[in-house]
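I have placed the structure first, in the form of structure tokens, so that the comments after it can refer back to it.
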Number of protein chains: 2
Amino acid sequence: MEIRERLARNLRRRREANNWSQEEFADRAGIHRTYVSDLERGRRNPTITVVEKLAKPFGVTASEMLA
Amino acid sequence: MEIRERLARNLRRRREANNWSQEEFADRAGIHRTYVSDLERGRRNPTITVVEKLAKPFGVTASEMLA
DNA sequence: CTGTGACTTTTAGTCCGTC
DNA sequence: AGACGGACTAAAAGTCACA
């Protein structure tokens, strides 16, 4: 699943760029810690509203998270 | 739900630009006709793999469908 | 051709952990 | 700090008959 990989890499890259742990990011994004872990490993197929939540702490759009 | 609206409009706009009925587009995308109807009215919260399916017939990326 | 309600199956997403 | 598992609930996937 190509697109999941792309999201996974974007997420991890941006989170590490901000020096946030998965847990800290999860809190900021309002999602669960274990879910962030799964997403970064491309194990999940999130909905677009979740992608929007992921985008918010970075101040980017959902579209950019999938680019 | 902001992002669902954005997807809905992009989808309808692009489908009509190609002069495809919902049914014809559904066939091309490999999803059900009524699901397309729901999506264009913002009634569904699709996963990113569905967004990818929607993007394919237009030859664009999933990211562009959410832009 | 498209909208809609109802429906069943599948999976998204949470929460408890351990390694 | 993060990977990973099990069990659970909420919601999405996917389809249909009919307006």
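These numbers come from a predicted model, not from an experiment. Residue numbers start from 1 in every chain, and the chains themselves are labelled A, B, ... in the order their sequence lines are given, proteins ahead of strands.
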Rounded to the nearest Å, what distance is computed from the [atom1] atom of residue [X] to the [atom2] atom of nucleotide [N]?
X	N	atom1	atom2	result
Phe25(B)	dT2(C)	CZ	P	12 Å
Arg41(A)	dG5(D)	CZ	C1'	10 Å
Arg15(B)	dC1(C)	CZ	P	11 Å
Glu16(B)	dC1(C)	CD	P	14 Å
Asp38(B)	dT4(C)	CG	P	9 Å
Arg44(B)	dA13(D)	CZ	P	7 Å
Asp27(A)	dG13(C)	CG	P	18 Å
Ile48(A)	dT11(C)	CD1	P	19 Å

Would you classify [X] as touching base, sugar-phosphate or nothing, given that sugar-phosphate means primed atoms plus P, OP1 and OP2, and contacts are heavy atoms under 4.0 Å?
X	result
Val50(B)	sugar-phosphate
Arg43(A)	sugar-phosphate
Ser37(B)	base

Under 4.0 Å between a Lys/Arg side-chain N and an Asp/Glu carboxylate O for Glu5(A) and Arg9(A)?
yes
Any donor-acceptor N/O pair, Arg6(A) side chain to Leu66(A) backbone, under 3.5 Å:
yes
Can you identify which nucleotide, out of dA12(C), dG3(C), dA1(D), has its nearest atom closest to the Ser21(A) side chain?
dA1(D)
Below 4.0 Å: OP1/OP2 of [N] and any side-chain N or O of [X]:
X	N	result
Thr34(B)	dT15(D)	no
Tyr35(A)	dG13(C)	yes
Arg33(B)	dT4(C)	no

Per the side-chain contact (heavy atoms from CB on, under 4.5 Å) rule, which among Ile48(A), Val51(A), Thr61(A) passes with Ile3(B)?
Ile48(A)
For the side-chain contact (heavy atoms from CB on, under 4.5 Å) test, which of Arg33(B), Glu40(B), His32(B) pairs with Val36(B)?
Glu40(B)
In sequence, state the C-alpha distance, the side-chain angles, and the governing distance for Arg41(B) and Ser37(B), and then conclude on side chain to side chain contact (heavy atoms under 4.5 Å, CB included).
CA-CA 6 Å; Arg41(B) 282 174 298 121; Ser37(B) 172; 3.2 Å; yes
Residue pair Asn45(B)/Glu23(B) against DNA chain C: nearer the 5' end by closest nucleotide is Glu23(B)
